[in-house]
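Following: one structure in structure tokens, then a few remarks.
Residue numbers begin at 1 in each chain, while the letters A, B, ... track the order of the sequences. Computed from a prediction, not measured in an experiment: that's the story for all the values here. Side-chain atoms are counted along with the backbone in the values below, which use heavy atoms only and exclude waters and symmetry mates.
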Amino acid sequence: MFKIANDSKNPYCKRLELPAGPLSVYASDALFGSLDYKVFEMANNNLQIPERVYMSYTPDVHVGTGTCIGTTAVWNAAGGYVSPSIVGSDIGCGMRVHLTRLHAEELRDVRQRRKLVKAIEGYLPTEEHRRGHFSDIRLEHVIRKGLHGLPNKYVPDSYTPRKATSLTHVESAKFGFDESHLDRFPESVWHRSHRQLGTLGNGNHFAEIQEVQIDESSRGVAEAWGLFDGQVVVMIHSGSRAWGGAVHQHCGTEVAKTMRALGLGTADPRLIFAPLETDAGQAYVNLLYSALNYAVANRHLIAYGIREAFRDVFGTKTELSTLYDLMHNYAWEEEHDGTACFVHRKGATRALPAGHPDNPAPYRETGHPALIPGSMGTASYLMVGEPGGRDNYYSICHGAGRIRSRSATKRLVSVEEFRAALGVGTDAEVVVNQRTLESIIDESPQAYKDVDQIIESVTGAGLARVVAKCKPLATVKGT
DNA sequence: ATGTAC
């Protein structure tokens, strides 16, 4: 189906010539060889969207709906295209890490980890908060202004040690957009979205308590970020919940209509896209930004709840400073080599190197943290971009990457295997909140690639390097 | 990932 061009000097980057155009794939030979041929069929469909400037896969790539998870796809902002299928329905889904001053020794006793997990569960209901919870928060303020729409009680930082870190240590705290598009959503969507504020959601979303292990080669950066060996950190993975879903569904229908009217399409009817300048394209981009506002505020409020739990267990002086918050499902404008680009990242994380002007101010000199989760029971990584990332529009992986569908995992993986992967019954058990592991077996590590191999491909390719490895101590999942 | 229809 395709040829591999020989012009790449990077053994971790394959430049393919598919019938519809070029595709860069960042992966070791072993990972590249293990890819399902369907990811190339899917790429070939995505490459048929007109006017594309660039498209690539990260090593954790796997098949999704219309577009693979692990895709970076770039158009020029002028005359470009936007695709709700490439962004996917969990708009703004991403990662957040908070730092504590606690040492993992304080959680060495499994009973202490259980106590903490139970406390966190009390603040993060699995589905929705009860009526009246967060009644001091106006949802339309959050939708319109992101973190800046939250009451002072939540920001800036009655709870972080350095002033306003939760507003400055984020990829984006607020997206401005044309609010007239908000009229189209029924009251039920607003109501549900309010009750879902500060909740994790399902699937691969989680909150995890982890122990830091600094990579010696990056000790300087690690210490500049406030990390120390043995430090307890909190990693959060969540998105825009029902709000993003409603944006995806509503705008997707409109974009599909525009597509038909313009006679556009590819071999895959699920792959929807439209020129940026169309009414449907503009409505989607505006409401996409509203979902990015929801998602960042949602992760912020999850962190707020977890901080309350830490205070219940470790005392009122416990701090949870914000390391960083960034997304891996989104599209927005970025400038590259002086050109305004419209960049889609679906299951791909931006990792800017030291000195890049788009780093937020606190991370201008070091590069910002790129937060990469592993699968359950396995390590996660704090990375930083390298200058070589420029070739890939500064995109790196977003995690381990699924190798088995949820249904296949339920069929093929036993609860015993899952228990063993989490060390259940040993001193090192990763404590999980769920009453039965059976209910979340589709998230067992046997459903995912080995995150260490993914990271090796990213570092080998010169896209980013490891600052710290974070080993799981306890995990909180939705149902 | 999510809500909704089956």
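Ring orientation note: the planes of A/H133 and A/H129 are close to parallel, at an angle under 30° on the 30°/60° scale.
Note: CD (A/E128) to P (B/dA1) measures 18 Å, nearest angstrom. Here the C1' atom of nucleotide B/dT2 and the CZ atom of A/R195 are 16 Å apart, to the nearest Å. Note: CG (A/N298) to C1' (B/dT2) measures 13 Å, nearest angstrom. Note: NE2 (A/H62) to C1' (B/dA1) measures 12 Å, nearest angstrom. Between A/R241 atom CZ and B/dT4 atom P the separation is 13 Å, expressed in whole Å. In this structure, A/Y330 atom OH and B/dA1 atom P are separated by 18 Å, rounded to whole Å. Note: NE2 (A/H250) to P (B/dG3) measures 18 Å, nearest angstrom. If you take NE2 of A/H248 and P of B/dA1, they are 13 Å apart, rounded to a whole angstrom.
Checked against B/dT2, B/dG3, B/dA1, the side chain of A/R192 finds its nearest nucleotide in B/dG3.
Contacts of A/H205 with the nucleic acid, taken as non-hydrogen atoms under 4.0 Å apart, involve only primed sugar atoms and P, OP1 or OP2.
There is no side-chain donor-acceptor pair under 3.5 Å between A/D60 and A/Y448.
Nearest-nucleotide positions on DNA chain B for A/R402 and A/Q249 put A/R402 closer to the 5' end.
Phosphate contact (OP1/OP2 of B/dT2, side-chain N/O of A/N202, threshold under 4.0 Å): present.
The pair A/E187-A/R192 fails the salt-bridge criterion, with no side-chain N (NZ, NE, NH1 or NH2) lying under 4.0 Å from an Asp/Glu carboxylate O.
More than 12 heavy-atom neighbours from other residues, nucleotides or ligands sit within 6.0 angstrom of CG on A/D36.
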